[in-house]
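Please read the structure below before turning to the comments.
Proteins get letters first, then strands, A, B, ... in listed order; numbering begins at 1 in each. Values below: all heavy atoms of this structure, side chains included; hydrogens, waters and symmetry mates excluded.
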Amino acid sequence: MADIKQRDVTRAEHGKNGIQNTIMTEIIEQEIETKMAEAPENWDMIIKPQRRLLDLHLGDLWRYRDLVMLFVRRDVVSVYKQTILGPLWYLIQPLLTTITFTVIFGSIAKLPTDSLPQFLFYMSGTVIWTYFAECLTKTSNTFVNNANLFGKVYFPRLAVPVSILISNLITFAIQFGLFLVFMGYFALRGFAFQPNLWTLLTPVLVLMMAGLGLGFGIVISSLTTKYRDLRFLVQFGIQLIMYATPVIYPLSSIPERFQVLIKLNPMTPIVEAFRYAYLGAGSFNLMQLLYSFGFMVIIVMVGVVIFNRVEATFMDTV
Amino acid sequence: MSKTVISVENLSKSYRLGQIGTGTLSRDLNVWWAKARGKPNPLLKIGQVEHGNQDGEMIWALKDVSFQVEQGEVLGIIGRNGAGKSTLLKILSRVTAPTSGEVKVKGRIASLLEVGTGFHPELTGRENIYLNGAILGMTKEEVQRKFDEIVSFAEIEKFIDTPVKRYSSGMYVRLAFAVAAHLEADILLVDEVLAVGDAQFQRKCLGKMGDVASKEGRTVLFVSHNMAAVEGLCSKAIVLSQGSLLTLSEVHESIKFYYKTDERKLNISLRERNDRQGEGNIRATEIHIIDKTGQKTNFISMGDSFTVEIRVQGALRSGIVGVLIGNQFKSQLIRGYTWENLTESVSVKGKSVLKCHFEDFPLINGTYYIHIWIAEREGNYNRLEDYVENAATLEINAVDVYGNGRILDSKTCVAFCRTKWEIYSENS
C-alpha cells in the first residue's frame, strides 16, 4: 500500500516539474509585471495557514450582524412551527417545572426557602437556571450540529453561538415576565417583598449568565470536534451542576463548611443576587459577584481563543 | 487593463490519513499523562517507535499550487475525482485553512458551493432568501435591493410565502441558485451546482454565470466535470492531478491536456484481472480504443468512428467474440458480435488480434464501459470462455455536431443521428 503511494507521488512529481517549470516562469513574469503596474499591493484578504493566537476576527462578527439576527429569527420562528400551542410552550415549560419542584422539594422533601413563598422561590431559580443551561447546552453543539453548513461556506463561526444567546434571551425575557406576573400576584395576596435597587443590576447579571454559558459552551463545542464523549457529559453534567447551585435550596441552608464549595460555583452569586434583588431574601455579597464576573471574563476569553483555533481546521477532524 | 484579483502562492494542504488522535478523551488523557511522567505511550504497540506526527500517513490534497487570476476572468478548474479541486475551493472560501502557502485576494469572495445549504425547511421562501443571503455574506439591505430580481429569476413568485419544505426539488434548487447568483461579490466560486435542475434552468444558470463575468466584470472560478460547460464558459482553465497543478492555459488547451494526461492509464493489461468469468481456454489480454487518426485514446467525440482492438491468447475452435458497450444502467447499449456480423465463426490459436470497428458512434456524451465476451460454440449453445466486465472505459465528449455553437448533450437526449431539416411554404 505504502509502496504504491510512494510511486504515485514520484510520478506526480515528475509530471509536474516538467510542465510546471514553463508555467512558473510565466507566472513570475506576470507577477513582476503586476508589481510594476501598481507598486503598493493592497490585498483585501490574505488566507494563511494558522492564525495568530489573538487574531480573533471579531470585526467580521460585526460585519455579519444581520446574519446573527436572522439566525435568531430562524431559531425563534422555527421552534414551535407545527405545534398546536405554539409560543405558549415558552410559558408552559417553566410553569410545569416550578410546580414539580414545589411539590417534590417543597411539599415532600420540605427544603427551606429563605421564608419565601415556595412557588416564587422555585420559579426564580428555574427561570434563571434555564437560561444558563440552555445557553450552555445549545452552544456546546455548535460545531457538530452545523458541520454541514460550516463545511460549505465561510461566515464567522461565532455568529452561531452568539445568535443562540440572543434567541435564548428572548425566551428568558418571556419567562422572567411570567415570574414578575406571579410576583405581582403574590404581592397582592399580601406577601411583603422588598425589591431593592440591586434590581438595576439585572442586565449585568443576565450578561454574566450569557457569558458563562457561552464560555463553557464554546470550549466544549471546540473539544467535541475531537472528542464526542463530551456531548454525553454535558447532558447530565448540567443537571449535576444545578444541584451544586442554589436553585432548589437557598445558600443559607447549607452548613457553613460546605458553603465554600458551593460559593466556588460562579453561578451561585448570580442566582443569589437575583433572589436578593427581586425577593429581598438570600445571601448576597458583592465580592462574590465580582469573583463570578472575573470568572466569566476569563472563561469567555479562553473560549473565544480556543474556538477560533478550532474553526480554522475543524472541517478536517469533525 | 486587467489586474490580478487572486494570487495563490505555493498553496499546500495535507490531511492525515486514518484516525485522528485516539478518538476518545480518556485515551488521549492517558497518553498525555504517561508522557507527562516521562513514560512511553501506553497505547503504542511494543516495538513501535513514536513519530513526530503520530500515527497515520499524511496525504497531500494540494501540493505547491501557484496561479493567478485576473479580474473578469472565468477560470475553470478540472481534474479527476480527488485531484484537489474541492480542497482548493474550500481553502479559497475559507472553510478550511491551508497547511502552508497563502492566497491573496482582492475583493469579496462568495461561494456557490452546493445548492440549498443553510435553507431551513420550516421557513418560507422569503425568509430563506434573507437567511441564505446573509449566510453567503450579504447584508439585509443588499438582499432587499436584489429581492425582486432573485424571486423572478427563480420563477417562484407565487410560492414566496410558502415554507420551502413544501417546494419541489426543482423550485428549491432554482431559489438557491438565484440567491447565490445575485450576490454582490467580486469573486464567485462555483462547484458543480449545475448537476441539478432541469435542462432549461441549467442553461439559464450558465447564461447567468456568463453574464456575471462578461457584463458585470466579476471573476468566476468554476469547478466541473462537464467539459462542455467548462468549454462554453471559461476562458482559461487549470488542470489539477493528485494535488498538483499540471497546467494553466487557454481552456481548449487545458481540456486537451486533461484528456491526454489520462492516456497513461489506458494501456492497462487485462492479464492481471482475475475477476473474470468463463472456462479460460482463451483469455483477452489487452484492450485498446483507437480513434480515427489511429491514436490510442479513451476519449471519442460524439458521432466519430473508432475501433476497439482486443488482443487474446489461447485457442478458440469455432467461437463468438463480442464487444459490449454499456453505461451504469444497462450493460448493453451497443454491441458488436461476430455472431451477428460474420457468417463464419471465429477460430484462432495462440496470440491474436481482433478488431471491432464502430462507425459514427451514436451515443451522447458520457462515460461508457466496454465489456469483452468470448464463448465457444458447442452444438446449440455457447460455453463461456472469457468475460471481462469494464475492460475499458469509453468517454464520449460532447461536440458541436452541427457547427453552430449549440451543443447537443446528455441533458437533452441519449443518442443522436445527423438530422436535416427542410422547410418550405405551402401557401400556393
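- Proximity of A:Ile46 to B:Val103: side-chain heavy atoms (C-beta onward) are nowhere separated by under 4.5 Å.
- Residues A:Phe155 and B:Leu136 fail the side-chain proximity criterion, which asks for heavy atoms closer than 4.5 Å.
- Under a cut-off of 6.0 angstrom, the local environment of CZ in A:Arg73 is sparse, with at most 12 non-hydrogen atoms contributed by other residues, nucleotides or ligands.
- Heavy atoms of B:Val5 lying under 4.5 Å from chain A belong exclusively to its backbone.
- Between B:Leu131 and A:Leu70, the shortest heavy-atom contact is CD1-CB, 3.8 Å.
- Contacts between B:Ile91 and chain A at a heavy-atom distance below 4.5 Å involve backbone atoms as well as side-chain atoms.
- For the pair A:Tyr64 and B:Ile135, the tightest heavy-atom approach, listed with the atom from each and the gap, is CE2-O, 4.3 Å.
- Counting only distance, with no hydrogens or angles, the side chain of A:Asp66 and the backbone of B:Lys140 share a donor-acceptor pair below 3.5 Å.
- Rounding to the nearest 0.5 angstrom, the gap separating the CD atom in B:Glu102 from the CD1 atom in A:Ile47 is 10.0 Å.
- Only the side chain of A:Asp60 has a heavy atom closer than 4.5 Å to any heavy atom of chain B.
- Among the candidates A:Arg63, A:Arg74, A:Arg65, the residue making the largest number of heavy-atom pairs closer than 4.5 Å to chain B is A:Arg74.
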